[in-house]
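Worksheet: one structure, shown below.
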Protein chains: 2
Amino acid sequence: MTDNKINKEGRIGAANKQLILNAAEHEFAKHGFKGTRIQQVADRAQLPKTNVLYYFKSKENLYLAVLQQILELWNSVFDEATKDDDPAEVLARYITDKMEFSLVRPEASRIFALEIINGAPNLYGFYKEQHAAWMEGRVEVIQHWIDEGKIQTANAHYLLYNIWACCQHYADFSAQITHLQGKEMDRAEFEEATKSIINLILKGCSLEIPEKYR
Amino acid sequence: MTDNKINKEGRIGAANKQLILNAAEHEFAKHGFKGTRIQQVADRAQLPKTNVLYYFKSKENLYLAVLQQILELWNSVFDEATKDDDPAEVLARYITDKMEFSLVRPEASRIFALEIINGAPNLYGFYKEQHAAWMEGRVEVIQHWIDEGKIQTANAHYLLYNIWACCQHYADFSAQITHLQGKEMDRAEFEEATKSIINLILKGCSLEIPEKYR
DNA sequence: ATATAAGTTGACCAATTGGTCAGGTTTTAT
DNA sequence: ATAAAACCTGACCAATTGGTCAACTTATAT
């Protein structure tokens, strides 16, 4: 049971890896996989390019690590809802969480969007199970409510798509929104937008909007 | 008034240009600007690479031409709505048109999405006026209804964003949807999804759903 | 008929860029 | 102290790829 030190990263490695991952998320979100240069990531992380390759053997490897990190975050945010909770409460909470995610981690959302527009080669290859499980879990909850007559909606899938679409739009299309409104949305405006989505979705399901989300 | 023939394209040129544009739309939608190789476009159009460069001087030029073509289509589809029409009718029609667009021209929608995620450098540079005018026109119509009390919604912008988001999602994220449902959505399913959006948006604005859109 | 423009294309080039490598320094466990 | 592992990085390379060029064929107007 001796602790083998071979191929174990030290403190420096862990810190630098995170530094690089953050820089890479920024660059991949803005330029896509092909459009991102390792040199740009290195510059942003203030490290030499060779150092980036030292920690992440290849560009693809780096991208996969970024995607992995995003998926972990993604899952953790929405894992709380269960089928025994009140639909109105859960949906409102769900939308609030998603919008919070769009506000604080827009770049993560954009990388996810780029991956899917690109045909999701990695999501349905490398992280297939992980991603599928996350989605199936959400569909299951809604379907349960429909079966029990707790919620009025024709199709669990379409409801989820509409929620995802509205919430992710504020991250993925923020350049368009900023341009249209003449300035970046601040937190107050994000909360207003969140209410507009909650209003839309809950009314659409003929649910009462909980007091604290009005 | 003599007809100067210098730099005028003949029939062959017009036909080939369109052939290349169609191929380019396909490739740009799938791989983004940086990820697309001129050779791939040429292969899809079944022409030598040099021939593509002959008609479109550079890759950027080709991309701009594709974007231009998409914007013309985009605008033409939504220019019909006016502020004097019935909001319920117009919104339902608007959503139907957008969903039809997502069904028949998903790649155009994806190029548009990629451009915006990328920060919309060309939309707010080259085609700034064109694009802004299209958006402002839509906002104006909604705002007019709000001012006249014809429609119950807090914010014209957010309403439009939510409509765009839901409809474009079915084009931009079709890879995810296809994966989730195990097969591509057919027209019947698209019509069902369209109804779910109309239901959501109109109920959200406290509008009656017109008979033919139920 | 023929001149002029439009269209075609293989050969080639220069720049970019992902990735390697070897020779170093620093950290860490004992 | 010292050995082993972890970390660092300048120099370099091979492959990709956007774009040029010159020689050629085809179409078209008069």
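Below, chains carry the letters A, B, ... as their sequence lines are ordered, and counting in each starts from 1.
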| Short side-chain N/O contact to D:dC8 OP1/OP2 from A:Y54, under 4.0 Å | no
| request: Taking only the side-chain nitrogens and oxygens of A:R37, find out if one of them lies under 4.0 Å from OP1 or OP2 of C:dG18. | output: yes
| query | Taking atom C1' of D:dT17 as reference, at what distance in whole Å does atom OH of B:Y63 sit? | reply | 19 Å
| message | With a 4.0 Å cut-off on N to O distance, would you call A:R187 and A:E100 a salt bridge? | response | yes
| Within this structure, what is the CG-to-P distance between A:L62 and C:dG18, rounded to whole angstrom? | 11 Å
| Is there a donor in the side chain of A:S196 and an acceptor in the side chain of A:N199, or the other way round, less than 3.5 Å apart? | no
| message | Can you tell me if A:Y55 touches the phosphate of D:dA6, counting only side-chain N or O atoms and a distance under 4.0 Å to OP1 or OP2? | response | no
| field | Inter- and intrachain pairs under side-chain hydrogen bond (donor to acceptor under 3.5 Å, both in side chains), touching residues 29-38 of chain A, at least two apart | value | A:E27-A:H31
| note | Here the distance between atom P of D:dG18 and atom CD1 of B:I20, to the nearest Å, is 15 Å
| field | salt_bridge(B:E115, B:R110) N-O dist < 4.0 Å | value | no
| salt_bridge(B:E89, B:K212) N-O dist < 4.0 Å | yes
| d(CD, A:E27; C1', C:dT17) in whole Å | 15 Å
| said: So, does B:N51 get its side chain near the phosphate of C:dG10, meaning an N or O under 4.0 Å from OP1 or OP2? | reply: no
Check nucleotides 19-21 of chain D against the protein and report each pair of N or O atoms closer than 3.5 Å, with its distance, or say if there are none.
from: D:dG19; atom 1: OP2; to: B:K59; atom 2: N; distance (Å): 2.6
from: D:dG19; atom 1: N7; to: B:K49; atom 2: NZ; distance (Å): 3.3
from: D:dG19; atom 1: O6; to: B:K49; atom 2: NZ; distance (Å): 3.0

| query | Can you check whether B:N16 has a side-chain N or O nearer than 4.0 Å to OP1 or OP2 of C:dA6? | reply | no
| message | If you count heavy atoms of other groups shown closer than 6.0 angstrom to CD of B:E60, is the number above 12? | response | no
